[in-house]
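Read the structure below first, then the notes.
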Amino acid sequence: MTIPLEPSSKLLPSSISEFSNLITVVVIAATVAFSCNYVFTSLNHQSIPFCDTNPDFDHSLSDFCEPCPLNGVCQEGKLECAHGYRRLGNLCVEDSNINEAAKKLSKLVERLLCEEYAQYSCTGTGTGTVWVQGNQLWEKVNESKIMDEYGLNEAVYAHAMERAMEALRKVLETRLNDHGIEELKCPASLVLHYTPVSCQIQQWILEHALLLVPACALLLGCTFLLLKLRQRYYLSVRAEQIYHEACDVLEEKAVSARSGTHEPWVVASLLRDHFLSPKERKDPILWKKVVQLIQEDSRLERYPKMVKGECKVVWEWQVEGSLSSSGKRKKAKESRLASGQHAEVSPQQRNWPWKAKEPVKAEL
C-alpha cells in the first residue's frame, strides 16, 4: 500500500463554516481539560490536613500534611489564626482594623502620659503625675471609644490593647510598685515634644538665670544711661533756643524804650511762663540752664526791682551792646523754621504781646 506524501485535502476544512466549527470544538475541549485539572488539584490540596503545632509532632510526617502557618494554631488538621490575624487561604495575615486600633491606642497612651509629665515638670506643684498605673491609664483610654470607632468586640479590643502595650513598653519606662502593679512613665526625650511653648520659655529662663540677671541689669543700665544722655541733649538744645528768643525780646524792648514809651526791662518769671509749656515748667533744670546762659551773657543785666509792691528779678538788655545780633538770630530762626528743625512753638509765643510800640505789663 502506497502512503501519499501529502495529506488529503479532505482532512482540512474547505469552507469558513467548517473552520469555525473546528475552532469551537478546540476551545470547548481546552476548557473542559482546564476545569478538570483545577478541580482535581483543589480536591487533592484540600485533602491534605495541616500539621499540628504540638511540639512532640513527628516532622517525618510533614510530607503528608500542610505546615502550620505563622501566627496560626493547627490542631487535628484544622487551622485557627491567632487574635489579631485573619485567615487568607493557607496563611494568617494581620487584621488591619486591629492594627490601626493598636496604633491609635499606643499614641493615645503616650500623649496622656507625656502631657501629665509635662504638666508636672512645668508647675512643680503636684498637679500632674510622673508614674501612672496601668489600670488607671486604661480607664482613661476607654473613654476615647476606640472600640466603637473601629467596630471591634471586647475580645479583639483586648488583643489590640495587648499589642499597644507591647509597643509602648519599647518606648515608655515601666516599673512595678510596692503592690506589684505595673506603672508607666514618659521618658524625658518625649516630654519635650508635649511641653507647651510658654513652659519651655519658663524652664529656659530658670536654667539660664545666672546669665540673664546680669545681662538684664546691664541692658537696663545702658538704656537708662542713653535716656539720661538724650534728656541732657534735649535740655541743652531747648535751653539755648529759649535763651535766643529771650534775647530777641529783651533787645527789642531796649530799642523801643529809647522813645520813652515803656520800661526797658522784663520780669524774668513772666518770660519763663511765656516761653515754657506747662509740662516744661515742672522740670526746674530747663529754666536753670536758661538762667545760666543769661548770666554768662555780658549784654544782659539781672537785678531785683519792686514791681507792684513785690520784689521781682528783672532782665534788661544793655543798649550800649551790639544790636546786630537780633537780626542775625531772626534770619537763623526763619531758616530753621523753613527746614523743619525748629522746635514746636507754643500758642503764647505765636501771639507774643510785647511789640516795640506796646506798653509792657510787668506783673505776673
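Along the sequence shown, the residues carry numbers beginning at 1.
Note that OG of S236 is 8.0 Å distant from CG of L293, once rounded to the nearest 0.5 Å. Atom OG1 of T174 and atom NZ of K185 lie 11.5 Å apart (nearest 0.5 Å). For the atom pair W265 CH2 and L300 CG, the distance stands at 16.0 Å (nearest 0.5 Å). For the atom pair I242 CD1 and L276 CG, the distance stands at 4.5 Å (nearest 0.5 Å). Between the CZ atom in R299 and the CD1 atom in I294 there is a gap of 9.5 Å [rounded to 0.5 Å].
Within 6.0 Å of CZ in R175 there are more than 12 heavy atoms belonging to other residues, nucleotides or ligands. Within a 6.0 Å radius of OH in Y303, other residues, nucleotides and ligands contribute more than 12 heavy atoms. Open room surrounds NE2 on H193; 12 or fewer heavy atoms of other groups in view lie less than 6.0 Å from it.
D297 places a side-chain heavy atom less than 4.5 Å from the side chain of Y243. You'll find the side chain of W204 reaches within 4.5 Å of the side chain of L212, heavy atoms only. Looking at heavy atoms from C-beta onward, L235 lies in side-chain contact with D283 at the 4.5 angstrom threshold. No side-chain heavy atom of V291 sits under 4.5 Å from any side-chain heavy atom of R272.
For a disulfide, the SG atoms of both cysteines must be under 2.5 angstrom apart; this holds for C81 and C92.
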Full working for disulfide (SG to SG under 2.5 Å) between C51 and C68 = CA-CA 6 Å; C51 302; C68 191; over 6 Å; no

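Ion pairing of E182 with R169 is present here, as a side-chain N (NZ or NE/NH1/NH2) and a carboxylate O approach within less than 4.0 Å.
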